[in-house]
> 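Mind having a look at this structure? Questions to follow.
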Amino acid sequence: HPLRNIDELCASIVRSHRETSQCRVEELQALRWKLFSREEIQAYQSKTVDEMWQHCAIQLTDAVQYVVEFAKRIPGFRMLSQNDQIALLKTGSMEVVLVRMSRYFNTENNTVFFDGKFAGAEVFKSLACGDLIAAVFDFAHDMCALKLTEQQIALFTALVLINADRPCLEDRGRVQRVQRNVELGLTHILHRDNQDNLLHKLYQRMAVLRSLCRLHIEKLHWFSQRYPLTAHSLFPPLYKELFA
Ligand SMILES: CCS(=O)(=O)c1ccc(CC(=O)Nc2nc(-c3ccccc3)c(C(=O)c3ccccc3CC(C)C)s2)cc1
């Protein structure tokens with residue numbers, strides 16, 4: 001059923017976003033002030049590097065699974081070749097998770113939703129990648145400042161995923177056609193919300209996302225060198241397939 005118009009495209013992407021958002025906004029808003037106790041923070045900080053990496057990788061993979069589901073429901077995504085779908089998810093899924101997570105970032109106490117409560121950067125100390133964690137927190141702070149609506153986030157994350165400039169695409173032209181439709185949807189939504197000025201800010205954020213994900217992959221390579229056993233046999237298969 002071809003999409004009759006841009007309104008239908010937007011409605012379909014917003015619905016898919018809502019259906020695959022993993023946690024509901026109201027449920028996480030209710031948890032906003034549920035912080036880890038000093039003892040709980042101590043427990044995280046006394047985990048070994050590989051224990052904490054494994055703990056995070058499992059949670060991150062959970063979030064990524066919902067993004068895979070979201071991608072499959074973007075009109076046109078399933079028409080792409082398997083290879084191109086995987087190529088887009090390999091580079092885009094972590095970026096979408098970061099945008100989604102920043103929705104629940106509490107800018108008043110600089111905490112992020114993790115393991116059922118809200119965690120400050122100190123909780124992640126034993127990961128031994130303070131620069132990545134600091135960059136993720138800064139990004140979340142910047143995203144919150146834009147005060148995007150759920151509809152704007154839905155179209156923005158669809159555009160983050162459907163990017164014809166990604167490496168190793170077989171049929172770039174086909175991805176371009178799907179991307180152009182999603183771009184029309186995002187500009188339509190921003191125009192309707194009288195926030196055309198947000199568009200260039202969102203494109204700037206996409207550049208930050210790419211550097212954040214490069215940093216994540218760099219750290220993962222560093223980690224896999226030092227803890228090959230954990231990385232190869234204890235990480236979730238989807239995490240390895242998409243990021244390793
Ligand atoms: C995403 C859908 S959602 O409904 O919003 C949602 C649903 C579920 C949650 C719970 C959750 O999984 N939170 C995690 N937080 C972090 C984290 C960690 C360090 C700083 C900031 C957030 C996770 C990570 O593993 C992570 C994320 C980004 C970069 C790096 C890492 C760690 C490395 C070792 C992979 S998992 C949160 C949000």
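Please read these numbers as outputs of a predicted model, since none were measured by experiment. Just the heavy atoms: all of them, side chains too, but no hydrogens, waters or symmetry mates, feed the values below. When a ligand or atom number is given, it counts from 1 through the structure's own listing order. Positions are given from 1 along the sequence.
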> Where is the nearest protein heavy atom to atom 25 (O) of ligand 1: which residue, which atom, and how far?
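Among all protein heavy atoms, the one nearest atom 25 (O) of ligand 1 is Cys56 CB, 3.2 Å.
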> Does the plane of the ring in His216 sit parallel, tilted or perpendicular to the ring in Trp53? Use 30° and 60° as the thresholds.
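Correct class here is parallel.
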> At a 4.0 Å threshold, what atoms of ligand 1 neighbour a non-hydrogen atom of Val136?
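Near Val136, the atoms of ligand 1 are 21 (C), 29 (C).
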> Under 4.0 Å from a heavy atom of Cys23: give me the atoms of ligand 1 that qualify, with their elements.
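Close to Cys23: 4 (O), 7 (C).
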> Ring centres of Phe235 and Tyr227 under 6.0 Å apart?
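So the answer is no for these two rings.
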> Among all protein heavy atoms, pick the one closest to atom 15 (N) of ligand 1 and tell me residue, atom and distance.
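Answer for atom 15 (N) of ligand 1: Phe114 CD1, 3.6 Å.
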> Assess the pair Tyr44 and Phe124: is the distance between their ring centroids shorter than 6.0 Å?
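Distance test on ring centres: not under 6.0 Å, no.
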> Hey, looking at atom 29 (C) of ligand 1, which of His216, Arg103, Met94 has the closest heavy atom?
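When every heavy atom of His216, Arg103, Met94 is considered, Met94 comes closest to atom 29 (C) of ligand 1.
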> Can you tell me if Arg78 has over 12 outside heavy atoms packed within less than 6.0 Å of its CZ?
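Incorrect, the count does not exceed 12.
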> Going by distance alone, is a donor N or O of one side chain under 3.5 Å from an acceptor N or O of the other, for Gln151 and Arg192?
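Yes - a donor-acceptor pair under 3.5 Å links their side chains.
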> For atom 31 (C) of ligand 1, decide whether some protein heavy-atom distance is shorter than 4.0 Å.
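So atom 31 (C) of ligand 1 lacks protein heavy-atom neighbours under 4.0 Å.
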> Any nitrogen or oxygen of Val97, side chain or backbone, less than 3.5 Å from one on ligand 1?
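Such a contact does not occur with ligand 1.
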> Measure centre to centre between the rings of Phe243 and His221, then say whether the value is under 6.0 Å.
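So the answer is no for these two rings.
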> Keeping Gln176 on the side-chain end and Ala164 on the backbone end, is there a donor-acceptor pair under 3.5 Å?
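Not a single qualifying donor-acceptor pair exists.
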> Check whether any side-chain N or O of Gln59 sits under 3.5 Å from a backbone N or O of Asp115 as a donor-acceptor pair, and report yes or no.
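Confirmed, Gln59 side chain pairs with Asp115 backbone.
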> For atom 2 (C) of ligand 1, what's the nearest protein heavy atom and its distance?
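The protein heavy atom lying closest is Gln22 OE1, 3.3 Å.
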> Using a strict cut-off of less than 4.0 Å between a Lys/Arg side-chain nitrogen and an Asp/Glu carboxylate oxygen, indicate whether Asp131 and Lys219 qualify as a salt bridge.
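Yes, this pair counts.
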> Classify the contact between Met52 and ligand 1 as side chain, backbone, both or neither, using a heavy-atom distance cut-off of under 4.0 Å.
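Met52 to ligand 1: no contact under 4.0 Å from either part.
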> Could you identify the single nearest non-hydrogen protein atom to atom 19 (C) of ligand 1 and state the distance to 0.1 Å?
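Sorting protein heavy atoms by distance from atom 19 (C) of ligand 1 puts Ile133 CD1, 3.4 Å first.
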> Once you restrict to heavy atoms under 4.0 Å, what part of Phe113 touches ligand 1? Side chain, backbone, both or neither.
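Under 4.0 Å from ligand 1, Phe113 contributes backbone and side-chain atoms.
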> Just to be sure I'm reading this right: ignoring hydrogens, which of Gln54, Gln59, Arg100, Lys219 gets closest to atom 1 (C) of ligand 1? Compare them by their nearest heavy atoms.
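Shortest heavy-atom distance from atom 1 (C) of ligand 1: Arg100.
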> If you compare all heavy atoms of Ala121 against all heavy atoms of Ile133, which two are closest, and at what distance to 0.1 Å?
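Heavy-atom minimum between the residues: CB-CG2, 4.2 Å.
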> For ligand 1, is Phe223 a contact, meaning one of its heavy atoms is under 4.0 Å away?
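Phe223 does not count as a contact of ligand 1 under the 4.0 Å cut-off.
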> Using a 4.0 Å cutoff against the non-hydrogen atoms of Phe137, which atoms of ligand 1 qualify?
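Under 4.0 Å from Phe137, ligand 1 has these atoms: 20 (C), 21 (C).
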> Run down the list Leu60, Leu132, Leu98 and name the one with the heavy atom closest to atom 35 (C) of ligand 1.
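Result: the heavy atom closest to atom 35 (C) of ligand 1 is in Leu60.
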> Could you identify the single nearest non-hydrogen protein atom to atom 36 (S) of ligand 1 and state the distance to 0.1 Å?
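Going atom by atom, the protein heavy atom closest to atom 36 (S) of ligand 1 ends up being Met101 CE, 3.6 Å.
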> State the atoms of ligand 1, each with its element, that fall below the 4.0 Å cut-off from a heavy-atom position in Tyr104.
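Near Tyr104, meaning under 4.0 Å from one of its heavy atoms, ligand 1 has 3 (S), 4 (O), 5 (O).
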> Can you check whether Ser37's main-chain N or O pairs, donor with acceptor, with Glu40's side chain at less than 3.5 Å?
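Here the side-chain-to-backbone pair exists.
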> May I ask which of Phe105, Phe70, Phe124 has a heavy atom nearer to atom 17 (C) of ligand 1 than the others do?
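Looking at heavy atoms only, Phe124 sits closest to atom 17 (C) of ligand 1.
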> If you measure from each non-hydrogen atom of Ser21 to ligand 1, which part falls under 4.0 Å: side chain, backbone, both or neither?
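Under 4.0 Å from ligand 1, Ser21 contributes backbone atoms alone.
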> At a non-hydrogen distance cut-off of under 4.0 Å, which region of Tyr66 contacts ligand 1 (side chain, backbone, both, or neither)?
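Neither; no heavy atom under 4.0 Å.
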> Could you report the tightest heavy-atom contact between Gly120 and Thr111, atom names first, then the distance?
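Heavy atoms only, the tightest pair is N-CG2, 3.8 Å.
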